[in-house]
Amino acid sequence: MGVLDRFERGVERAVNSAFSRGRTEVKPVELASALRREVDDRAAVVGRDRTVVPNEYTINLSEDDYTQIDGWGAETLADELATNVTEYAASQHYAFVGPVSVTFEQNTELEPGRFTLSSATVRGSTAPATSSPGARHPLVDIDGQRYLLTGPVTVIGRGSEADIVVDDAGVSRRHLEIRVTGDGVVATDLGSTNGLYVEGHQVPAATLLDGNTLTIGRTRIMFWTGAPTRDDEEW
C-alpha cells in the first residue's frame, strides 16, 4: 500500500472507530487531501536536498461541521491528520522546523460542507525527522521515535515542560539539555537524580560525536549529525 493510500485510510480509521457516531458534510478524506495539497503548495527549497514545509495547520469549519467533528473526537482526528501529514512529508523528503499540529476552528460565516485551510512555518526545538540530519540540525532517536533538533536548545525529561517528554520513571522532569552551538553539540545533565551517561560513562556534560549513545534512566538516546553540507541552511 502506498503512502497516499495509508494517508487516506489512516484518517478514515479516526472516524470509523468506536467514537464515530455520525456523519458530517466535510469528509475526513477531503481534509486529508487539502492538507496534502497545502504541503506541496507551500514547499520552499532552502538548500540542496532541503525543502521546508509548514508545520502548523488550521482548519476552519462551519458551526455544524465543527460540532460534528467535536462529537467524533476532534483531538483524535487532529492527531491522525498530523501523523499522516508527517508521513506524506517523509515520502516527499520534505523537512519541518517544528512539531506538526492540526487544529480545528469554528467560522460562523462558512456554510456546512465548506472549510478553509491555513498553514504556518513555526520554528520549535524539535521536529519530526523526515529528512537527513546535518551539523545544524542533528537527530536523536529515542525508543524508535526520531527527532530533528531544529532549535538551539532542547530539553529532554519526564515533565510536560520538556521539549521531548520521556515516559520513564528513572528520568527527571528536566533531565538533559542538548545545545547546538557553532563549535559542536553539547549534552548537559540538568541536575538529574540518576545522571547522564555517554557511551556508558557518567558525565556532567559532554560534546557529542556522530553515533554517540546517551542513557538517562532506562532510556537510550542515539545521536547523529550526518555529514555537514554547505547548503545546510539555518532556519
Counting only N and O atoms by type, is there a donor-acceptor contact under 3.5 Å from the side chain of Asp210 to the main-chain atoms of Thr225?
yes

Which pair of heavy atoms, one from Ala82 and one from Val100, lies closest together, and at what distance?
O-CG1, 3.8 Å

Qualifying residue for side-chain hydrogen bond (donor to acceptor under 3.5 Å, both in side chains) with Ser192, from Arg173, His175, Arg158
His175

Are Leu117 and Val39 in one and the same hydrophobic cluster, where Ile, Leu, Val, Met, Phe, Trp and Tyr link if side-chain heavy atoms are under 4.5 Å apart?
yes

Find out if a path of hydrophobic residues (ILVMFWY) with successive side-chain heavy-atom gaps under 4.5 Å connects Leu208 to Ile142.
yes

Using a 6.0 Å cut-off, check whether atom CD of Gln202 has over 12 heavy atoms from anything other than its own residue.
yes

Closest heavy-atom pair and its distance - Ser131, Arg50:
OG-NH1, 4.2 Å

Please determine, by modelled atom types, if Asn84 and Glu80 share a side-chain donor-acceptor pair under 3.5 angstrom.
yes

Set of residues satisfying side-chain contact (heavy atoms from CB on, under 4.5 Å) with respect to Glu199, sequence neighbours excluded:
Asn212, Thr213

Does Asp65 use its side chain to pair, donor to acceptor, with the backbone of Pro112 at less than 3.5 Å?
no

Please confirm whether the backbone N or O of Val122 pairs with a side-chain atom of Asn55, one donor and one acceptor, at under 3.5 Å?
yes

Identified side-chain hydrogen bond (donor to acceptor under 3.5 Å, both in side chains) counterpart of Tyr94 within the set Thr130, Thr86, Asp40:
Asp40

Please determine whether the number of non-hydrogen atoms from other residues, nucleotides or ligands lying under 6.0 Å from atom CZ of Arg42 exceeds 12.
yes

Measure across Thr154 and Ser125 and return the closest heavy-atom pair with its distance rounded to 0.1 Å.
OG1-O, 3.4 Å

Under a 4.5 Å cut-off applied to non-hydrogen side-chain atoms, are Ile216 and Leu196 in contact?
yes

Report yes if the side chains of Phe96 and Val85 come closer than 4.5 Å at any heavy-atom pair, otherwise no.
yes

Are more than 12 heavy atoms, taken from residues, nucleotides or ligands other than Asp41, located less than 6.0 Å from that residue's CG atom?
yes

Might you point out which heavy atoms bring Ala129 and Tyr147 nearest each other, and give the distance in Å?
CB-N, 4.0 Å

Write out all pairs satisfying salt bridge (charged side-chain N to carboxylate O under 4.0 Å, His left out) with one or both partners inside residues 214-225, taking only residues at least two apart or from two chains.
Asp168-Arg218

Please report the closest heavy-atom contact between Leu110 and Asn60, naming both atoms and the distance.
CD1-O, 3.3 Å

So, for Ile156 and Ala162, which heavy atoms are closest and what is the spacing to 0.1 Å?
C-CB, 4.1 Å

Applying side chain to side chain contact (heavy atoms under 4.5 Å, CB included), run through Glu111 and Ser62 and close with a yes or a no.
CA-CA 6 Å; Glu111 297 179 357; Ser62 70; 5.8 Å; no

In terms of hydrophobic clustering (I, L, V, M, F, W, Y; side-chain heavy atoms under 4.5 Å; direct or indirect links), are Leu148 and Val185 co-clustered?
no

Can you confirm whether Pro54 sits close enough to Thr121 that some side-chain heavy atom of one is under 4.5 Å from a side-chain heavy atom of the other?
yes

Measure the spacing between CD of Gln145 and OG1 of Thr126 and express it to the nearest 0.5 Å.
11.0 Å

Check against side chain to side chain contact (heavy atoms under 4.5 Å, CB included), Ile59 and Val26
CA-CA 11 Å; Ile59 299 173; Val26 171; over 6 Å; no

Between the main-chain N or O of Thr193 and the side-chain N or O of Ser172, is there a donor-acceptor pair closer than 3.5 Å?
yes

Partner residues of Glu109 under the side-chain hydrogen bond (donor to acceptor under 3.5 Å, both in side chains) criterion, sequence neighbours left out:
none

If the test is side chain to side chain contact (heavy atoms under 4.5 Å, CB included), which one of Thr103, Thr116, Val102 qualifies with Thr58?
Thr103

Steps toward side chain to side chain contact (heavy atoms under 4.5 Å, CB included) verdict (Val166, Ile221)
CA-CA 11 Å; Val166 177; Ile221 303 171; 5.9 Å; no

Should Asn107 and Glu105 be marked as a side chain to side chain contact (heavy atoms under 4.5 Å, CB included) after you check the CA-CA gap, both sets of side-chain angles, and the distance that decides it?
CA-CA 7 Å; Asn107 186 335; Glu105 292 187 357; over 6 Å; no

Under 3.5 Å, is there a donor-acceptor pair between the side chain of Ser119 and the main chain of Tyr57?
no

Cluster link Leu61 to Trp72, ILVMFWY, side chain under 4.5 Å
yes

